[in-house]
Amino acid sequence: MNPTCKKRLGAIRLETMKVVAQEEIAPAIFELVLEGEMVEAMRAGQFLHLRVPDDAHLLRRPISISSIDKVKKQCHLIYRIEGAGTAIFSTLSQGDTLDVMGPQGNGFDLSNLDNQSQVLLVGGGIGVPPLLEVAKELHARGVKVVTVLGFANKDAVILETELAQYGQVFVTTDDGSYGIKGNVSVVIKDLDNQFDAVYSCGAPGMMKYINQTFYNHPRAYLSLESRMACGMGACYACVLKVSESETVSQRVCEDGPVFRTGRVVL
Ligand SMILES: Cc1cc2nc3c(=O)[nH]c(=O)nc-3n(C[C@H](O)[C@H](O)[C@H](O)COP(=O)(O)OP(=O)(O)OC[C@H]3O[C@@H](n4cnc5c(N)ncnc54)[C@H](O)[C@@H]3O)c2cc1C
Ligand code: FES
């Protein structure tokens, strides 16, 4: 085992990863490139639980894996500064290290899709990053990828060019300052394609819309967020109720963060 892997918790590892690069790609939105052995185990839609390199902040912060390069043993994360933890992450630079737990959670199911398939990706704001790896992997298999992205305004637009390498991309902004005015529903309601799978990640309102619109679709997936503590299934800080059950719950960190539509109460 690599000496930087201090211990393994089932499939979850703890590793001191190297910061390869960090860049501000939009106002208050950063792309962080990390390198380490853990990359070999990463899958699209999983997240990393990052220790804030400051002893005043005990809880790790969950951030989705945006793209994976197994050859270089590097992964990219894209995050927005929300509070103290992400502000501290934004000060990291090349050569620094980060204490990482992961790869955690059940990612997106990309199985049984080929060059006869077409999929829809729907991303909103800082929920767009995990869809990049989905687009990259499916495009490499010949799957037709259509992406609809929604942002608050022009300043918040990220990853449009990167996703356009893998298929058609529609961009909406709430205020109409870029792309089509409105939210993603303006585009999705007019798409008449039959999609073999739908992958989505975004704000709660967008997830509710996708959940309702594709409620009975056999392969429509939502990547959900919640406040987290342990990030490994033990504390139940991150639970969501299962649809049609008063008592059964699902942990976003361990059972998710990806759920099929119609499975949890949003
Ligand atoms: C599975 C998962 C994947 C995520 N992936 C990404 C990602 O790829 N990029 C990204 O920018 N963010 C992502 N997040 C959200 C990210 O974890 C929070 O923004 C971060 O933890 C905030 O930490 P902080 O110390 O900066 O802010 P804090 O000081 O802890 O909080 C600042 C504000 O952010 C809110 N907040 C904190 N954590 C969350 C959360 N988990 N969900 C919603 N609101 C929160 C707080 O309520 C508060 O209003 C993800 C969250 C989850 C659960
Ligand atoms: S954060 Fe502890 S169970 Fe999910």
Side-chain angles (χ1 to χ4, degrees), residues 39-47 64-71 75-76 78 103 105-151 157-172 179-180 183-203 206-225 243 250 255-264 266:
V39 174
E40 76 180 307
M42 292 180 184
R43 289 195 297 107
Q46 291 187 300
F47 69 91
S64 303
I65 300 164
S66 173
S67 67
I68 304 167
D69 183 334
K70 297 206 178 189
V71 176
C75 64
H76 292 231
I78 294 175
N106 289 306
F108 289 113
D109 177 2
L110 306 182
S111 63
N112 301 321
L113 295 165
D114 57 23
N115 60 6
Q116 304 299 307
S117 316
Q118 49 180 340
V119 302
L120 174 65
L121 309 190
V122 188
I126 204 65
V128 175
L131 299 176
L132 184 59
E133 181 64 22
V134 175
K136 188 179 90 183
E137 291 187 25
L138 292 182
H139 174 77
R141 270 192 241 162
V143 175
K144 183 174 178 223
V145 178
V146 176
T147 302
V148 185
L149 304 178
F151 301 96
V157 175
I158 53 169
L159 299 179
E160 180 189 9
T161 321
E162 289 79 353
L163 283 157
Q165 300 173 82
Y166 308 122
Q168 188 177 18
V169 178
F170 298 90
V171 177
T172 68
I180 302 154
N183 62 34
V184 292
S185 68
V186 174
V187 176
I188 293 171
K189 68 179 172 45
D190 289 337
L191 294 175
D192 49 13
N193 316 39
Q194 290 296 310
F195 293 103
D196 297 288
V198 179
Y199 300 92
S200 66
C201 186
M206 177 187 280
M207 293 299 90
K208 277 191 184 162
Y209 164 74
I210 298 294
N211 192 45
Q212 285 307 319
T213 308
F214 297 100
Y215 201 84
N216 294 314
H217 192 294
R219 294 201 61 180
Y221 305 97
L222 314 163
S223 179
L224 301 177
E225 280 195 14
S243 304
Q250 293 274 293
D255 305 308
V258 175
F259 294 94
R260 272 182 48 201
T261 50
R263 296 303 159 98
V264 288
L266 296 181

Review point. Distance from Gln165 atom CD to Glu160 atom CD, nearest 0.5 Å?
Key: 12.0 Å
Point to revise | Sequence-distant partners of Ser243, side-chain hydrogen bond (donor to acceptor under 3.5 Å, both in side chains), two or more places apart | key: none
Point to revise | Val198 vs His217 side-chain heavy atoms within contact, under 4.5 Å | key: yes
Exercise for review: Using a 4.5 Å cut-off on heavy atoms from C-beta on, say whether the side chain of Val134 contacts that of Leu121.
Suggested key: yes
Check your understanding: Does Asp109 come within less than 4.0 Å of Arg219, counting only side-chain N to carboxylate O?
Key -> yes
**Study point:** Rounded distance (nearest 0.5 Å) linking atom CD of Gln46 with atom OG of Ser64
**Key:** 10.5 Å
Exercise for review: Measure across Ile158 and Gly125 and return the closest heavy-atom pair with its distance rounded to 0.1 Å.
Suggested key: CD1-O, 3.9 Å
Check your understanding: What is the distance from atom OG of Ser117 to atom CZ of Arg141, rounded to the nearest 0.5 Å?
Key -> 8.5 Å
Exercise for review: Check whether any side-chain N or O of Asn211 sits under 3.5 Å from a backbone N or O of Thr261 as a donor-acceptor pair, and report yes or no.
Suggested key: no
Study note, to complete from the structure: The ring-ring contact (aromatic ring centres under 6.0 Å, His included) partners of Tyr221 (sequence neighbours excluded) come to Tyr199
**Study point:** Distance (rounded to the nearest 0.5 Å) between Ile188 CD1 and Asn183 CG
**Key:** 8.5 Å
Review point. Are any of the side-chain heavy atoms of Pro103 and Arg43 separated by less than 4.5 Å?
Key: no
Check your understanding: What residues, two or more places apart in sequence or in another chain, satisfy ring-ring contact (aromatic ring centres under 6.0 Å, His included) together with Phe195?
Key -> none
Check your understanding: With side chains defined as the heavy atoms from C-beta onward, is the minimum distance between Leu159 and Pro129 less than 4.5 Å?
Key -> yes
Practice item. Decide yes or no for Met206 and Val122: does some side-chain heavy atom of the first lie under 4.5 Å from some side-chain heavy atom of the second? Key: yes
Check your understanding: Do Val146 and Val119 come within less than 4.5 Å of each other through their side chains, counting heavy atoms only?
Key -> no
Revision key, fill the gap. Interatomic distance, CD1@Ile78 vs OG@Ser66, rounded to 0.5 Å, equals 4.0 Å
Exercise for review: Working to the nearest 0.5 Å, report the span between NZ of Lys208 and CD1 of Ile210.
Suggested key: 14.0 Å
